[in-house]
Asker: 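Just passing along the structure, written as structure tokens.
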Amino acid sequence: MSILVIAEHDNTALNHGTLNAVTAAAKMGGDIHVLVAGQNAGSVAAAAAKITGVSKVIHADDAAYAHPLAENLANLIAHVGKNYTHVVAPASFFGKNVMPRAAALMDTVQISDIVAVESPDTFVRPIYAGNALETVQASGTPLVVTVRPTAFDAATEGGSAAIEPRAATGDTGLSAFVGQELTKSERPDLQTAKIVISGGRGLGSGENYEKYIIPLADKLGAATGASRAAVDAGYVPNDYQVGQTGKIVAPQLYIAVGISGAIQHLAGMKDSKVIVAINKDGEAPIFQVADYGLVADLFEALPALEKALG
Amino acid sequence: MKILVPVKRVIDAYVSIRVKADHSGVETANVKMSMNPFCEIAVEEAVRLKEAGKASEIIVVSAGSAAVQETMRTAMAMGADRGIHIQTEEEIDPLTMAKLLKAVAQKEQPGLILAGKQAIDGESNQTGQMLAGLLGWAQGTFASKIVLDGDSALVTREIDGGLETLKLKMPCVITTDLRLNEPRYAALPNIMKAKKKPLDTITPADLGVAVQNRIKVLKVVEPPKRKAGVKVASVEELVAKLKTEAKVI
Ligand SMILES: Cc1cc2nc3c(=O)[nH]c(=O)nc-3n(C[C@H](O)[C@H](O)[C@H](O)COP(=O)(O)OP(=O)(O)OC[C@H]3O[C@@H](n4cnc5c(N)ncnc54)[C@H](O)[C@@H]3O)c2cc1C
Ligand SMILES: Nc1ncnc2c1ncn2[C@@H]1O[C@H](COP(=O)(O)O)[C@@H](O)[C@H]1O
């Protein structure tokens, strides 16, 4: 039995979710190989080779992988992956995009967004916005599995796997990268931060998000998130969205400000260790999951909080 | 150009679901059902493309029991022209769903397939990508903007770090994200008109696809509940608790 983990990266650094995927793979049992497909991504291959538990890194370096285009990547993953029992990736927007395509090319099923491994073919995953957990048993090989990063610890550094170059499977010419608009931020990454502070519709505007959430985030060294309503209204960019169909976070401390606590939002943050809610409506559902609830007007509470933190 | 839109009937997004006592699944009897919200966005986008003169016909497809016809009528009331109902009582995995849609696509030859990015019940987020792979077409997932330009589609996608724009060769498969559009409500006259639009019922066998489910649900349970917390009276009390009780700051 051997398992192929697909590395997520930006050609420079390995994305953290890959480390969580390796831990999940280790629970499935077997030798773990990591596939790094990129352009000039030698530093990523080197980082992957250092992950504890990884016995081989397969490195495909080609212009076709300069950007993670699903059409090119899925062909490579299917080509390399068909010899494995499992092909695993983080359930990030990257993994969600490419893995089902690769599974279909291998005529095999995918089990999405697992939070536990019961046995090599049996997994637990949330459904209905996390309101139910299903245990599923899948048949076929390889099994394609995407992993919810927050449900597994990150694999540590300590290995020294061999790096084996692999020929590219070519450019399909079906899609081309045109451009990207990445959100710039000096603050910690939403998915790995110890503290996350999120703002919702209660903030009323993007200016207020800047004025009330940002200084507090800076003081706490926190990452910044938002509800769908705040993103839809244009207060903050799309990649701030926490929830069922946005990002899943599980920090030590999650502070929800002006967020009502719809099930779709809770789905993305209710596994946080400590939850704080600040909302002027004492009946807001967010208080049902909050360890500490403060019923207050955020425009008064946040400046006071910033001050109290010294 | 034809646009094919697969739509799924799901428990309404705002219903609080109940896990069955025997842990076999989720209670669906007497529960409000609706079109999957991401499919609604797909239908809306297709209708807008047709209104802009970029498409000639919109075909909605849904697999499931006879009840899914109601969901397809909703899509027709929004502006879809006809429907194909794939009759099946069985649970189908996304790979089988993609195979069914591939067979429909080969018959209908659409220039574009617009699907939801994810069904909010099973949350697989797979079907569109699998379908694109099986057809050998380009894919644009999690779209927040679509511009059709001759034989290519410019798709802006929501990704982990922000937005990305890709140029896709057509025909292609695009899956919708929340910010693509705001679906319209169907007006009463259109609901009446939708009842008369053509809706064919076929079986997976008609499409030459064997219904398979390689993902067996062993058990469905409720997630562990968070224990109720406390309300604090002031910002000072909150800070004190976070420092000394929770020890997270
Ligand atoms: C298919 C689908 C997917 C979805 N995915 C997501 C998702 O991934 N993430 C997500 O977040 N949502 C998602 N949603 C949307 C979700 O259902 C809610 O609509 C959304 O989370 C509401 O955002 P909100 O809490 O900011 O806004 P609201 O529900 O409007 O709540 C605003 C809150 O702010 C409080 N408030 C107002 N003024 C103040 C003040 N001055 N001081 C303090 N409090 C104040 C109010 O009391 C209220 O509780 C999804 C919905 C659907 C249908
Ligand atoms: N039974 C179904 N009938 C029609 N379309 C479906 C069905 N199941 C899934 N789809 C389509 O595939 C999308 C993604 O679903 P999923 O991969 O199950 O999350 C949905 O938004 C629909 O567009």
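Below, chain A is the first sequence line, B the second, and so on; all start at residue 1.
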Asker: Check A:T108 against B:M130 and note the closest heavy-atom contact, atom names and distance.
Answerer: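 Reported closest heavy-atom pair: O-CE, 3.9 Å.
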Asker: With only heavy atoms counted, which part of B:I17 is less than 4.5 Å from chain A, the side chain, the backbone, both or neither?
Answerer: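 The side chain, not the backbone.
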Asker: Given a strict heavy-atom distance threshold of 4.5 Å, which part of A:K273 is in contact with chain B: side chain, backbone, both, or neither?
Answerer: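 Contact with chain B involves both backbone and side-chain atoms of A:K273.
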Asker: So what's closer than 4.5 Å to chain A heavy atoms on B:E158: side chain, backbone, both or neither?
Answerer: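 For B:E158, the contact with chain A is made by backbone and side chain together.
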Asker: Under a 4.5 Å heavy-atom cut-off, does chain A meet the side chain of B:A132, its backbone, both or neither?
Answerer: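 Both the backbone and the side chain of B:A132 come within 4.5 Å of chain A.
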Asker: Give, as side chain, backbone, both or neither, the part of B:P94 having an atom under 4.5 angstrom from any heavy atom of chain A.
Answerer: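 Nothing of B:P94, per the 4.5 Å heavy-atom cut-off to chain A.
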Asker: Without swapping roles, check the side chain of A:Q110 against the backbone of B:Q126 for a donor-acceptor pair under 3.5 Å.
Answerer: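 No, because the side chain of A:Q110 does not come within donor-acceptor range (under 3.5 Å) of the backbone of B:Q126.
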Asker: Does NZ belonging to B:K2 count more than 12 external heavy atoms closer than 6.0 Å?
Answerer: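 Yes, because the 6.0 Å sphere around NZ of B:K2 holds more than 12 heavy atoms from other groups.
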Asker: Tell me, for A:E300 versus chain B, whether the close heavy atoms (under 4.5 Å) come from the side chain, the backbone, both or neither.
Answerer: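 For A:E300, no heavy atom lies under 4.5 Å from chain B.
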Asker: Is any side-chain heavy atom of A:V136 closer than 4.5 Å to a side-chain heavy atom of B:K216?
Answerer: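 Answer no - side chains too far apart.
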Asker: Of the backbone (N, CA, C, O) and the side chain (C-beta and beyond), which part of B:V230 lies under 4.5 Å from a heavy atom of chain A, both, or neither?
Answerer: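 Its backbone and side chain both get close to chain A.
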Asker: Who among A:P237, A:A129, A:A103 has the most heavy-atom pairs with chain B under 4.5 Å?
Answerer: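 Counting heavy-atom pairs under 4.5 Å, the top option is A:A129.
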Asker: Does the side chain of A:Q137 pick up a donor-acceptor pair with the side chain of B:R214 at under 3.5 Å?
Answerer: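 No pair is found: no donor N or O on one side chain lies under 3.5 Å from an acceptor on the other.
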Asker: Below 4.5 Å from any heavy atom of chain A, which atoms of B:S234 appear? Answer side chain, backbone, both or neither.
Answerer: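 Just the backbone, heavy atoms under 4.5 Å.
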Asker: At a 4.5 Å cut-off on heavy atoms, which part of A:Q244 comes close to chain B: side chain, backbone, both, or neither?
Answerer: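 For A:Q244, backbone and side chain are both near chain B.
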Asker: Atom CD of residue position B:E89 - does it have more than 12 heavy atoms of other residues, nucleotides or ligands inside 6.0 Å?
Answerer: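 More than 12 within 6.0 Å, yes.
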Asker: Any donor and acceptor pair, going by atom type alone, linking the side chain of A:R101 with main-chain N or O of B:L131 inside 3.5 Å?
Answerer: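 A pair under 3.5 Å: no.
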Asker: Is it the side chain or the backbone of A:V124 that comes within 4.5 Å of chain B heavy atoms, both, or neither?
Answerer: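 For A:V124, neither part sits under 4.5 Å from chain B.
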Asker: For a 4.5 angstrom cut-off between non-hydrogen side-chain atoms, does A:T135 reach B:V217?
Answerer: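 Result no, sub-4.5 Å side-chain heavy-atom pair not found.
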Asker: Considering non-hydrogen atoms only, spot the tightest contact between A:P100 and B:Q129 and give its length.
Answerer: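 Scanning both residues completely, I find the closest heavy atoms to be CB-CB, 3.6 Å.
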Asker: Going by heavy atoms in the side chains, are A:P251 and B:V248 under 4.5 Å from each other?
Answerer: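 Not in contact.
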Asker: Side chain, backbone, both or neither: which part of A:L69 has a non-hydrogen atom closer than 4.5 Å to chain B?
Answerer: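 Contact with chain B: side chain only.
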Asker: Going from CG on A:N131 to CD1 on B:I11, what distance comes out if it is rounded to the nearest 0.5 angstrom?
Answerer: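 The CG atom of A:N131 sits 10.0 Å away from the CD1 atom of B:I11.
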Asker: When you measure from the centre of the six-membered ring of A:F287, is the NZ or CZ of B:K231 under 6.0 Å away and within 45° of the axis?
Answerer: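 Checked: cation-pi criterion met.
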Asker: So for A:L305, is it side chain, backbone, both, or neither that comes closer than 4.5 Å to the heavy atoms of chain B?
Answerer: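 The answer is both parts of A:L305.
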Asker: CD of A:E283: more than 12 outside heavy atoms within 6.0 angstrom?
Answerer: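 Open: at most 12 neighbouring heavy atoms sit under 6.0 Å from CD of A:E283.
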Asker: Given a strict heavy-atom distance threshold of 4.5 Å, which part of B:N213 is in contact with chain A: side chain, backbone, both, or neither?
Answerer: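 Nothing of B:N213, per the 4.5 Å heavy-atom cut-off to chain A.
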Asker: Is there side-chain contact between A:L133 and B:V220, with at least one heavy-atom pair below 4.5 Å?
Answerer: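 No, too far: nothing below the 4.5 Å cut-off.
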Asker: Any Lys/Arg nitrogen of B:R226 or A:D291 sitting under 4.0 Å from an Asp/Glu carboxylate oxygen of the other?
Answerer: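 A salt bridge is present here (some side-chain N lies under 4.0 Å from a carboxylate O).
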Asker: If you count every heavy atom of other residues, nucleotides or ligands that lies below 6.0 Å from B:E91 atom CD, does the total exceed 12?
Answerer: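 For B:E91, atom CD is not crowded (no more than 12 foreign heavy atoms under 6.0 Å).
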Asker: Please flag which part of A:R125 lies under 4.5 Å from any non-hydrogen atom of chain B: side chain, backbone, both or neither.
Answerer: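 Contact with chain B: side chain only.
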Asker: For B:K167, is the NZ atom crowded, meaning more than 12 foreign heavy atoms sit under 6.0 Å from it?
Answerer: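 For B:K167, atom NZ is not crowded (no more than 12 foreign heavy atoms under 6.0 Å).
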Asker: Verify salt bridge (charged side-chain N to carboxylate O under 4.0 Å, His left out) between A:D107 and B:K99, making sure each step is shown before the conclusion.
Answerer: CA-CA 10 Å; A:D107 191 25; B:K99 287 180 181 177; 2.7 Å; yes
Asker: Which atoms of B:K117 are under 4.5 Å from chain A, going by heavy atoms: the side chain, the backbone, both sets, or neither?
Answerer: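 Side chain only.
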Asker: With side chains defined as the heavy atoms from C-beta onward, is the minimum distance between A:T122 and B:L218 less than 4.5 Å?
Answerer: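 They are in contact (side-chain heavy atoms under 4.5 Å apart), so the answer is yes.
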Asker: Please report the closest heavy-atom contact between B:S124 and A:S112, naming both atoms and the distance.
Answerer: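 What the structure gives for the nearest pair is O-OG, 2.7 Å.
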Asker: Nearest heavy-atom pair of B:V232 and A:L294: which atoms, and what distance?
Answerer: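 Smallest heavy-atom distance, with atoms named: O-CD1, 3.6 Å.
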Asker: Measure B:V239 against the heavy atoms of chain A and call it side chain, backbone, both or neither at under 4.5 Å.
Answerer: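 Only the side chain of B:V239 comes within 4.5 Å of chain A.
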Asker: Is it true that a side-chain atom of B:Q139 and a backbone atom of A:N97 form a donor plus acceptor pair closer than 3.5 Å?
Answerer: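 Yes, because the side chain of B:Q139 sits within donor-acceptor range (under 3.5 Å) of the backbone of A:N97.
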Asker: How long is the span from the CD atom in A:E134 to the CD1 atom in B:I215, to the nearest 0.5 Å?
Answerer: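 Rounded to the nearest 0.5 Å, the CD-CD1 separation comes out at 8.5 Å.
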Asker: With a 4.5 angstrom heavy-atom cut-off, which part of B:R18 approaches chain A: side chain, backbone, both or neither?
Answerer: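 For B:R18, neither part sits under 4.5 Å from chain A.
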Asker: Going from OG1 on A:T245 to CZ on B:F142, what distance comes out if it is rounded to the nearest 0.5 angstrom?
Answerer: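 The CZ atom of B:F142 is 11.0 Å from OG1 of A:T245, to the nearest 0.5 Å.
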Asker: Considering only heavy atoms from C-beta outward, does the side chain of A:F93 approach that of B:T141 to under 4.5 Å?
Answerer: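 Of all side-chain heavy-atom pairs linking B:T141 with A:F93, none is under 4.5 Å.
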Asker: Among A:R228, A:Q180, A:Q191, which residue forms the greatest number of heavy-atom pairs with chain B at distances under 4.5 Å?
Answerer: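 Ranked by heavy-atom pairs under 4.5 Å with chain B, first place is A:R228.
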Asker: Considering non-hydrogen atoms only, spot the tightest contact between A:Y292 and B:E245 and give its length.
Answerer: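 Closest heavy-atom pair between A:Y292 and B:E245: OH-OE2, 2.6 Å.
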Asker: Quick one: what part of B:D93 sits under 4.5 Å from any heavy atom of chain A, side chain, backbone, both or neither?
Answerer: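 Side chain only.
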Asker: Between A:Y128 and B:E123, do the side chains contain an N or O donor and an N or O acceptor separated by less than 3.5 Å?
Answerer: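 Checked: A:Y128/B:E123 side chains show no N/O donor-acceptor pair below 3.5 Å.
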Asker: Between A:A74 and chain B, which part of the residue has a heavy atom less than 4.5 Å away: side chain, backbone, both or neither?
Answerer: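 Contact with chain B is absent: no heavy atom of A:A74 under 4.5 Å.
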Asker: Let me know if A:K247 has heavy atoms under 4.5 Å from chain B in its side chain, its backbone, both or neither.
Answerer: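 Side chain only.
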Asker: Is A:E181 close to B:E164 at the side-chain level, that is, under 4.5 Å between some pair of heavy atoms?
Answerer: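 Not touching, per the 4.5 Å side-chain cut-off.
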Asker: Step through the shown structure and confirm whether more than 12 heavy atoms of other residues, nucleotides or ligands are within 6.0 Å of CG on B:D22.
Answerer: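 It does: B:D22 CG has more than 12 such atoms within range.
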Asker: Go through the atoms of B:A119 and report whether side chain, backbone, both or neither lie under 4.5 Å from a heavy atom of chain A.
Answerer: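 Contact with chain A involves no heavy atom of B:A119 at all.
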Asker: Indicate yes or no: at least one non-hydrogen side-chain atom of B:K225 is less than 4.5 angstrom from one of A:Q288.
Answerer: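 With C-beta onward as the side chain, the pair stays apart.
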Asker: What are the two closest non-hydrogen atoms of B:I159 and A:L182, and how far apart are they?
Answerer: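 So the two residues come closest at CD1-CD2, 4.0 Å.
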Asker: Distance-only, no hydrogens or angles: does the B:E236 side chain make a donor-acceptor pair with backbone N or O of A:A308 under 3.5 Å?
Answerer: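 No; judged by distance alone, with no hydrogens or angles, the pair does not exist.
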